[in-house]
Asker: 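Encoded as structure tokens, here's the structure I'll be asking about.
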Amino acid sequence: MSETIRTDEAPRFRYSARLANEIEAKWQGYWEEHRTFWAPNPSGPLSDGFEQMAGRSKLYVLDMFPYPSGAGLHVGHPLGYIGTDVFARFQRMNGHNVLHAMGYDAFGLPAEQYAVQTGQHPRVATETNIENMRRQLRALGLGHDPRRGPATTDVDYYRWTQWIFLQIFNAWYDDAADTARPIAELVRQFEAGERAADDERPWAELSPIDRRRLIDAYRLAYLDEAPVNWCPALGTVLANEEVTPDGRSERGNHPVFKRPMKQWTLRITAYAERLLADLDLLDWTDSIKLMQRNWIGRSVGASAVFPVEGHEGVEIEVFTTRPDTLFGATYMVLAPEHELVDEIVPVGWPGTTRGDEWIETPAAWRGIFGVDRTPAEAVTAYREFAAGKTDLERQTETREKTGVFTGAFATNPTNGESIPIFIADYVLIGYGTGAIMAVPAHDQRDFEFAREVELPIVGVVRPPDAWLEAHGVTADTPADEWPEAYTGDGIGMNSANDDVSLNGLETAEAKRVIGEWLERTGTGAPTVTYRLRDWLFSRQRYWGEPFPIVYDESDLPIALPESMLPVELPELTDFEPRIVDDDEQSLPLPPLARAHDWVNVELDLGDGVKSYRRELNTMPQWAGSCWYYLRYLDPTNDHELVGSEVERYWTHGVRAGGAPAAGGVDLYVGGVEHAVLHLLYARFWHKVLFDLGHVSTPEPFQRLYNQGYIQAPAFVDERGFYVEVIDVEERDGDYFADGRPVTRKDGKMGKSLKNVVTPDDIYRDYGADTLRLYEMFMGPLDASRPWSTTDIIGVHRFLQRLWRNLVDEETGVARIFTDPPDEQTRRLLHRTIAAVRDDMASLGFNTAIARLFELNNRLTLVVAEEGAAPSEVATPLVLMLAPLAPHTAEELWSRLGHEYSLAYEPFPVADPALLVDEEIEIPVQINGKVRARIRVPADADAATLESIARADAKIAALLDGASVRKVVVVPGRMINFVTD
RNA sequence: GCCCGGAUGGCGGAAUUGGCAGACGCGACGGACUCAAAAUCCGUUGCCCGCAAGGGUGUGUGGGUUCAAGUCCCACUCCGGGCACCA
């Protein structure tokens, strides 16, 4: 139910929704007309007015790129946008040249899916949605620079997205220099013989095709045939980051399958170490840094090579974090998909030795599908079993270890032991080398598998006595009688050969010694491995950026020259992704394949006009959002991504306290859901651009702030379905919809929970300033909090009272007197200014607003007495209100007699002399309990305070007869008498 | 399972380095204005005992450090988030 204000009876100039709407429309028009929020660049077409900014320091405030949804905004969306706007306006008043703008991340699935359903071009829906969102955001009074709001779908924009892709494609990572370099430098190194192909063949002996293959393998963007996340329901492949832990698509929650496919991949892993290390330069919350660290997943250990017996030159490389346990490796495990498996599987089962005894392959080794199969059959059966497991089954399963013997053996390089090679699905193809050495005594998974399959367990680290005791064993108990693996550190044992001994060494020392030995003997080396995988970068969609890539008859990719950009999306009428066949193994057929005239082109790429085939995939939605913050800086530049002077001006590092600054955006506000995906991808692209000299800072976002979500009451009926919140009524604490009981189940506001409140409703009932103020007042910006329509009235009343304190409700004329206010009011004013300044600087808008409430409450008393407000209070109060409720503040400012906008008026500064009181009240405690309060001079010393306290009648009475053991006096704070 | 957050009145939330718990707002209650209602204005409002003065108690639970703990330490409960067979 809306709070309808009976405007017909209210005074003409009472602050009501009607008046607020009038004021808001007026000032939104004014700001637009006067270009109030145009932030001038130091040079170039957007530099008009830069001289007037001389002496001001720059500030770049940024919101995460919004997707223009067809549903329009609900009140949860603009929370962060309001926060950045308040901060930007505050800092503008503090003398900064503030850049604040908003564009649209407009490629992507929803528009395309809508297009598939309706046959309407996605551009149409996208443009309508952007228009609607612009309207809703404009009504909020956000102070954006309207010249800087590109959409990723603009040809002028995606031309540069394609250009960045070309930079990435035409670069390689120079590990020695730890930087990306133009690919031409690599070609030159090969030509000059400074570098040879992996197979040692000299450049001169390579065919042109082989040369291209060789170079392509170094590029930061490369085609890779690898198992990828294939989502048939979406008709596309997905990046690892877009797949949920239970193996479903993050968008739409559809099942995702692993399929080998040839796809574009970006070499983000080359940057793993820098992405990790440079987190230290950033002012981000620890939790976001931690999520990035976890995603990158650095782990330190060693690689080791195990020769496969009977196969000359065939080796299995493993990674281990516990190289000190190498002597305890009693078997190996390959991931079922490992490429060596087929090569090493023998025709028949071999025998093996156990102690001195020669035995046939034990039944337990041959797998769970019967013992009468050949090794090849057993391997095939196991692979089918493993691949058939859905990810959900893997979740719910008790994680019982299964696996099968390949029939092959490897040699443990430390002790020469012959150890069997298994495949098992507890080893993942996607991590490390997809193969492990198994040390069952010191790894719980290996231990469980060894128990299951009857493999030997040899202890090589002596556990501490406490562990032995807790597990009911002694130091003499063989490891295969332990109840579980010992995975901690300890003293090495059973670990010596003629060349090296780890016996008696602490774990850390043993790791060092064996690392040296591995390196010396060429059987391995200390290594660092990352969990991060390269970024799968192609999608089988229509509504995305086409790749600036063509293929010739060799099927190898060829980058188009910059001069051929943009590669525009061809017009289609059917946008649906298809699959080649209707079975499980089906392959995606991108919609662009149907644009035959576009796909097959005649081009002159330097050696005459020839026929080429265009790349059919498009880029993922992340592509456009990886770099938009750079385009905001120089949106009209048609010969550069961003002009370097402009780029340096807006992104040079400023960090308080002299700590090393990463530079980039000064304040970046957005939801925590982008903690890994967008923020990792954007950092990666930025670093590539940095390495190649296109940007001047190593990081894109100096300070990141995660705003919370607006939650809202939601209700489910007996069947568990959500019901529209508007249909729910409350009776004595119970809830009913259409007379049926429903249960309250709050959650993030959104269409799916049917609990959406739109900003348009709130504008209508209260005005945009009330909405802004309410969202900022609800709680700290970084916390999620429940929307409460009843609470809004509080901030609306505040605006109404403040307005009434300054303006006659009947005539609209300001009621101001110029005499100074009383001393108490003046002191409160200056305390308020000091507190509001601090709060706004630290984004503590909720407490800043509370302070303004207090000052206004005081002003109400003054006005009641005097009939008008002292201008010495009114003026700073309006200025302090301006960032939060800009329309109302502008209107008051103008009614106070000012001709121009207050957007660049200096924010009030407190007089320090008025912040200190001469006399203060402090509590007097007896044994920690407050028994009295005394008024004392603010600078009274401890002795004075004690004597004043003792003189207090009540304290004197309570202390009478008690023996005071101790007196704690904190001058300016409190006094505590401790008695026996 | 591992790693991060968090828990304060009926509700949203305030509380520098340990120093008066509950700022500010909502709601509720009482009053003024009104024929009446809404709006507006004034007052009260953590809980318990008490007519009152006043006293007791109180920041998820249990313990500890301290003259003093929402804040620090230990153990736990619940809620939210991230990761998860990561070698």
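First the proteins, then the strands, lettered A, B, ... as listed; each starts at 1. Values below: all heavy atoms of this structure, side chains included; hydrogens, waters and symmetry mates excluded.
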Asker: Could you tell me whether A:Val427 contacts a base, only the sugar-phosphate backbone, or nothing, with contacts defined as non-hydrogen atoms closer than 4.0 Å?
Answerer: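 Base contact.
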
Asker: Could you state the CZ-P distance from A:Arg831 to B:U16, rounded to the nearest angstrom?
Answerer: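 Computing the A:Arg831:CZ to B:U16:P distance gives 17 Å.
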
Asker: Using whole Å, what does the distance between atom P of nucleotide B:A87 and atom CG of A:Asp324 come to?
Answerer: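 So the two atoms are 14 Å apart, to the nearest Å.
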
Asker: Could you pull out all residues at least two apart from A:Arg797 that satisfy salt bridge (charged side-chain N to carboxylate O under 4.0 Å, His left out)?
Answerer: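 Salt bridge (charged side-chain N to carboxylate O under 4.0 Å, His left out) check on A:Arg797 returns nothing, list empty.
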
Asker: When the C1' atoms of B:U17 and B:A69 are compared, how many Å lie between them, rounded to an integer?
Answerer: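 Going atom to atom, C1' in each nucleotide, I get 14 Å.
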
Asker: Rounding to the closest angstrom, what is the interatomic distance between B:C79 and B:G31 at atom C1'?
Answerer: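 These two C1' atoms come out 42 Å apart once rounded.
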
Asker: If the cut-off is 4.0 Å, is A:Arg533 near the phosphate of B:C86, judged by side-chain N/O to OP1 or OP2?
Answerer: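 A:Arg533 to B:C86 OP1/OP2: no side-chain N or O under 4.0 Å.
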
Asker: Assign A:Met974 to base, sugar-phosphate, or nothing according to its heavy-atom contacts below 4.0 angstrom with the strands shown.
Answerer: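 If one applies the 4.0 Å heavy-atom cut-off, A:Met974 turns out to touch a base.
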
Asker: Please identify each residue that fulfils salt bridge (charged side-chain N to carboxylate O under 4.0 Å, His left out) with A:Asp446, with sequence neighbours left out.
Answerer: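 Expected list: none.
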
Asker: NA contact type, A:Arg785, heavy-atom cut-off 4.0 Å: base, sugar-phosphate, or nothing?
Answerer: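 It contacts sugar-phosphate atoms only.
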
Asker: A:Tyr431 side chain: which of B:U57, B:C86, B:G19 is closest?
Answerer: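 So the side chain of A:Tyr431 is nearest to B:C86.
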
Asker: Looking across every strand, which nucleic acid part, if any, lies under 4.0 Å from A:Asn294 by heavy atom: base, sugar-phosphate, or nothing?
Answerer: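 Here A:Asn294 touches no strand at all.
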
Asker: Is the closest side-chain donor-acceptor distance between A:Thr888 and A:Tyr15 under 3.5 Å?
Answerer: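 There is such a pair between these side chains.
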
Asker: Would you indicate what A:Ser784 reaches in the nucleic acid, counting non-hydrogen atoms under 4.0 angstrom: base, sugar-phosphate, or nothing?
Answerer: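 Contact class for A:Ser784: sugar-phosphate only.
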
Asker: Mind calculating the distance between CD (A:Glu810) and P (B:U40) to the nearest angstrom?
Answerer: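 From A:Glu810 CD to B:U40 P: 16 Å.
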
Asker: Which value, in whole Å, describes the distance between the C1' atoms of nucleotides B:A14 and B:G62?
Answerer: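 B:A14 and B:G62 have their C1' atoms separated by 28 Å.
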
Asker: A side-chain contact here means heavy atoms from C-beta on lying under 4.5 Å apart; do A:Thr330 and A:Val439 qualify?
Answerer: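 Not in contact.
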
Asker: Need the glycosidic conformation of B:G9: syn if within 90° of 0, anti if not. Which one?
Answerer: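 The base of B:G9 is oriented syn (glycosidic angle within 90° of 0).
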
Asker: So if I take every side-chain heavy atom of A:Asn846 and compare against B:C41, B:C85, B:A14, which nucleotide ends up nearest?
Answerer: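 Out of B:C41, B:C85, B:A14, the nucleotide with an atom closest to A:Asn846's side chain is B:A14.
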
Asker: Identify which nucleotide among B:A15, B:A87, B:G82 has an atom closest to any side-chain atom of A:Leu428, counting heavy atoms from C-beta outward.
Answerer: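 Between B:A15, B:A87, B:G82, the one nearest the side chain of A:Leu428 would be B:A87.
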
Asker: In which stems does RNA chain B show up, taking only runs of three or more Watson-Crick or G-U wobble pairs whose two distances fall under 3.5 Å?
Answerer: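 If one scans RNA chain B for consecutive Watson-Crick or G-U pairs, the stems found are B:1-7 with B:77-83, B:10-12 with B:24-26, B:27-32 with B:40-45, B:46-49 with B:54-57, B:60-64 with B:72-76.
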
Asker: Using a 4.0 Å heavy-atom cut-off, does A:Arg298 contact any base of the nucleic acid, only the sugar-phosphate backbone, or nothing at all?
Answerer: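 The answer is nothing, as A:Arg298 stays clear of every strand by at least 4.0 Å.
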
Asker: If you measure from the C1' atom in B:G13 to the same atom in B:G82, how many Å do you get, rounded?
Answerer: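 Rounded to whole Å, the distance is 26 Å.
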
Asker: Please name all residues satisfying side chain to side chain contact (heavy atoms under 4.5 Å, CB included) with A:Ala868, sequence neighbours left out, ordered by chain then number.
Answerer: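 So A:Ala868 forms a side chain to side chain contact (heavy atoms under 4.5 Å, CB included) with A:Arg815, A:Phe817.
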
Asker: Starting from C1' on B:A14, measure out to CG on A:Asp839 and report it in whole angstrom.
Answerer: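 Taking atom C1' of B:A14 as the reference, CG of A:Asp839 is at 11 Å.
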
Asker: Whole-Å distance between B:A84 C1' and A:Arg293 CZ?
Answerer: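 Atom-to-atom, A:Arg293 to B:A84, this comes out as 19 Å.
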
Asker: Look at atom CD of A:Gln824 and say whether more than 12 heavy atoms of other residues, nucleotides or ligands are closer to it than 6.0 Å.
Answerer: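 Check fails, neighbour count at 12 or below.
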
Asker: Determine whether more than 12 heavy atoms belonging to other residues, nucleotides or ligands lie under 6.0 Å from atom CZ of A:Arg322.
Answerer: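 Yes.
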
Asker: Has A:Gln925 got a side-chain N or O lying under 4.0 Å from the OP1 or OP2 atom of B:G19?
Answerer: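 Indeed not, no polar side-chain atom of A:Gln925 lies that close.
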
Asker: Side-chain contact test, heavy atoms from C-beta onward, threshold under 4.5 Å: evaluate it for A:Leu781 versus A:Tyr705 and give yes or no.
Answerer: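 Yes; the side chains approach each other to less than 4.5 Å.
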
Asker: Out of curiosity, A:Arg293 CZ to A:Asp286 CG, how far, rounded to the nearest 0.5 Å?
Answerer: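 The CG atom of A:Asp286 is 8.0 Å from CZ of A:Arg293, to the nearest 0.5 Å.
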
Asker: Report the residue (A:Ala435 or A:Lys954) whose heavy-atom-nearest nucleotide on RNA chain B is the more 5′ of the two.
Answerer: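 Between the two, 5'-proximity favours A:Lys954.
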
Asker: Among the candidates B:C67, B:C4, B:A87, find the nucleotide nearest to the side-chain atoms of A:Ser299.
Answerer: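 Ranking B:C67, B:C4, B:A87 by closest atom to the A:Ser299 side chain puts B:A87 first.
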
Asker: In whole angstrom, give the distance that lies between atom CG of A:Asn927 and atom P of B:C67.
Answerer: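 In whole Å, B:C67 P lies 12 Å from A:Asn927 CG.
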
Asker: Taking the nucleotide of RNA chain B with the nearest heavy atom to each, does A:Thr847 or A:Gly434 sit closer to the 5' end?
Answerer: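 Here A:Thr847 is the residue nearer the 5' end.
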
Asker: If the condition is salt bridge (charged side-chain N to carboxylate O under 4.0 Å, His left out), which residues does A:Glu273 pass it with, not counting sequence neighbours?
Answerer: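 Result, salt bridge (charged side-chain N to carboxylate O under 4.0 Å, His left out) vs A:Glu273: A:Arg298.
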
Asker: Could you tell me which residues satisfy side chain to side chain contact (heavy atoms under 4.5 Å, CB included) with A:Val341, sequence neighbours excluded, listed by chain and number?
Answerer: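 A:Val341 satisfies side chain to side chain contact (heavy atoms under 4.5 Å, CB included) with A:Leu334, A:His338, A:Val345, A:Val379, A:Arg383, A:Ile423 once adjacent residues are dropped.
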
Asker: Just the rounded figure in Å: distance from C1' of B:G81 to CD of A:Glu673.
Answerer: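 So the CD-C1' distance, A:Glu673 to B:G81, works out to 12 Å.
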
Asker: Compute whether any side-chain donor of one residue and acceptor of the other, for A:Asn927 and A:Thr979, lie under 3.5 angstrom apart.
Answerer: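 Indeed, the side chains of A:Asn927 and A:Thr979 share at least one donor-acceptor pair under 3.5 Å.
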
Asker: I'd like the P distance from B:C49 over to B:G10, given in whole Å.
Answerer: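 Roughly 15 Å separates the two P atoms.
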
Asker: Can you name the residues that form a ring-ring contact (aromatic ring centres under 6.0 Å, His included) with A:His830, not counting sequence neighbours?
Answerer: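 ring-ring contact (aromatic ring centres under 6.0 Å, His included) check on A:His830 returns nothing, list empty.
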
Asker: Looking at every strand, decide which applies to A:Gln444 at a 4.0 Å heavy-atom threshold: base, sugar-phosphate, or nothing.
Answerer: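 Nothing, no nucleic acid heavy atom in range.
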
Asker: Under a 4.5 Å cut-off applied to non-hydrogen side-chain atoms, are A:Gln292 and A:Leu679 in contact?
Answerer: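 A:Gln292 reaches A:Leu679 side chain to side chain.
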
Asker: Can you check the distance between B:G19 and B:G9, where both ends of the measurement are the C1' atom (answer in whole Å)?
Answerer: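 My reading of the C1' atoms in B:G19 and B:G9 gives 23 Å.
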
Asker: Taking only residues two or more places apart in sequence or in another chain, which ones pass side chain to side chain contact (heavy atoms under 4.5 Å, CB included) with A:Asp791?
Answerer: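 Expected list: A:Tyr774, A:Ser788.
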
Asker: Can you name the residues that form a side chain to side chain contact (heavy atoms under 4.5 Å, CB included) with A:Ala441, not counting sequence neighbours?
Answerer: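 Once residues adjacent in sequence are excluded, the partners of A:Ala441 under the side chain to side chain contact (heavy atoms under 4.5 Å, CB included) criterion are A:Ile457, A:Ala479, A:Trp482.
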
Asker: Can you tell me the distance, in whole Å, between the CD1 atom of A:Ile288 and the P atom of B:G80?
Answerer: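 Rounding to the nearest Å, CD1 of A:Ile288 and P of B:G80 are 19 Å apart.
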
Asker: Can you tell me, in whole Å, how much space there is between the C1' of B:C72 and that of B:C67?
Answerer: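 Taking atom C1' in both B:C72 and B:C67, they lie 16 Å apart.
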
Asker: P atom, B:A53 versus B:G63: distance in rounded Å?
Answerer: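 It works out to 34 Å between them.
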
Asker: Hey, does the side chain of A:Lys929 come within less than 4.0 Å of B:C67's phosphate (OP1/OP2), counting only N and O?
Answerer: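 Indeed not, no polar side-chain atom of A:Lys929 lies that close.
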
Asker: Might you list the N or O atoms of the protein lying below 3.5 Å from N or O atoms in nucleotides 24-27 of chain B, with each pair's distance?
Answerer:
from  : atom 1 : to       : atom 2 : distance (Å)
B:G25 : OP1    : A:Asn857 : ND2    : 3.1
B:C26 : OP1    : A:Arg797 : NH1    : 2.6
B:C26 : O2'    : A:Asp791 : OD1    : 2.6

Asker: Quick one: which protein N/O atoms are closer than 3.5 Å to N/O atoms of nucleotides 28-32 of chain B? Pair and distance per line, please.
Answerer:
none

Asker: Can you tell me if A:Thr402 and A:Tyr382 form a side-chain donor-acceptor pair at under 3.5 Å?
Answerer: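 Note: A:Thr402 and A:Tyr382 side chains meet the donor-acceptor criterion.
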
Asker: Check RNA chain B against residues 965-973 of chain A and give the residues with a non-hydrogen atom under 4.0 Å, in numerical order.
Answerer: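 Residues of residues 965-973 of chain A that come under 4.0 Å of RNA chain B are, in numerical order, A:Lys966, A:Val968, A:Val970, A:Arg973.
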
